[in-house]
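Below you'll find the structure, written out as structure tokens, and then a few comments.
Everything numeric in this text was worked out from a predicted model, so none of it was measured. Residue numbers begin at 1 in each chain, while the letters A, B, ... track the order of the sequences. Quick note: numbers below take in every heavy atom, side chains included, and nothing from hydrogens, waters or symmetry partners.
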Amino acid sequence: QQKVQQSPESLIVPEGGMASLNCTFSDRNSQYFWWYRQHSGEGPKALMSIFSNGDKKEGRFTAHLNKASLHVSLHIKDSQPSDSALYFCADMGYKLTFGTGTSLLVDP
Amino acid sequence: EAAVTQSPRNKVTVTGGNVTLSCRQTNSHNYMYWYRQDTGHGLRLIHYSYGAGNLQIGDVPDGYKATRTTQEDFFLLLELASPSQTSLYFCASSSGTGRGDTLYFGAGTRLSVL
């Protein structure tokens, strides 16, 4: 069974700072990854996807995938208080598997 | 924006009680899912369906039944609720399971089993 482990469990960054979230997966056949974001009191919402090795940038958000090391990361530049949320990485392969989550707090 | 509506938003029951959680999507999506969210475990898939009358087992199905009555409606049933089923439950839908398919989640149902 695919396991997706996220680190750190929680993270505090100052407003304007860089937040780095990490995700390690166990299935070498995994190919398709998404990042989801969940604000308090809401359901998760898709943030961005990454399917190929390397970086993918969307505005302030950059995802990185390294299939050889079974690692996915998300970097948020110029963090804003509105970025405070729970972040999940997800393997959208055969069995949809979400990670354990990272709670991000951006301190104004 | 795709719409997924869950009811009730909050539910309290006693051990051994029967609970039905409801989910309706108006996105014309084929796939619907039930997840539970617990601190330290993230989101775990209970059951999912790819159409009316279809049911697929997820990763944590024990103690749960599900039924997809129409394309729009997906229900999660707890027939003998236990305190271990106290959790935040999410329903989601998607048009498919391809790499580009996004899951659209409802707002969640918080269930407490006393």
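Checking Tyr50(B), Tyr104(B), Tyr33(B) one by one against Ser94(B), the side chain to side chain donor-acceptor pair (under 3.5 Å) holds for a single residue, Tyr33(B).
Options Gly99(A), Ala90(A), Gly101(A) differ in how many heavy-atom pairs under 4.5 Å they form with chain B, and the most are formed by Gly99(A). Between chain B and the options Ala46(A), Gly41(A), Pro44(A), Ser103(A), the largest number of non-hydrogen pairs under 4.5 Å is found for Pro44(A). The residue among Thr39(B), Leu103(B), Thr102(B) with the most heavy atom pairs within less than 4.5 Å of chain A is Leu103(B).
Checked against the 6.0 Å centroid criterion, the rings of Phe51(A) and Tyr32(A) qualify as a close aromatic pair. A centroid separation of less than 6.0 Å is found between the aromatic rings of Tyr36(A) and Phe98(A).
Heavy atoms of Gln5(A) lying under 4.5 Å from chain B are absent altogether. For chain B, no part of Glu9(A) is nearby; none of its heavy atoms comes within less than 4.5 Å. Only the side chain of Gln37(B) comes within contact range of chain A, with heavy atoms under 4.5 Å apart. Interface remark: Phe33(A) contributes no atoms to any contact with chain B (heavy atom separation under 4.5 Å).
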Please tabulate, for the side chains in residues 79-86 of chain A, all donor-acceptor contacts under 3.5 angstrom to protein atoms that are two or more places apart in sequence or on a different chain.
unit_1	atom_1	unit_2	atom_2	d
Ser79(A)	OG	Gly17(A)	O	2.9
Ser79(A)	OG	Ile76(A)	O	3.4
Gln80(A)	NE2	Asp78(A)	O	2.9
Gln80(A)	NE2	Asp78(A)	OD1	3.2
Asp83(A)	OD1	Arg37(A)	NH1	3.3
Asp83(A)	OD1	Arg60(A)	NH2	3.0
Asp83(A)	OD2	Arg60(A)	NH1	2.8
Asp83(A)	OD2	Arg60(A)	NH2	3.2
Asp83(A)	OD2	Gln80(A)	N	2.8
Ser84(A)	OG	Pro81(A)	O	3.0
Ser84(A)	OG	Val106(A)	N	2.9

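Judged as a salt bridge (Lys or Arg N to Asp or Glu O under 4.0 Å), the pairs with a partner in residues 21-44 of chain B (not counting sequence neighbours) are, in order, Arg24(B)-Asp73(B), Arg36(B)-Asp38(B), Asp38(B)-Arg44(B).
Ring planes of Phe105(B) and Phe90(B): perpendicular class, angle over 60° (limits at 30 and 60°).
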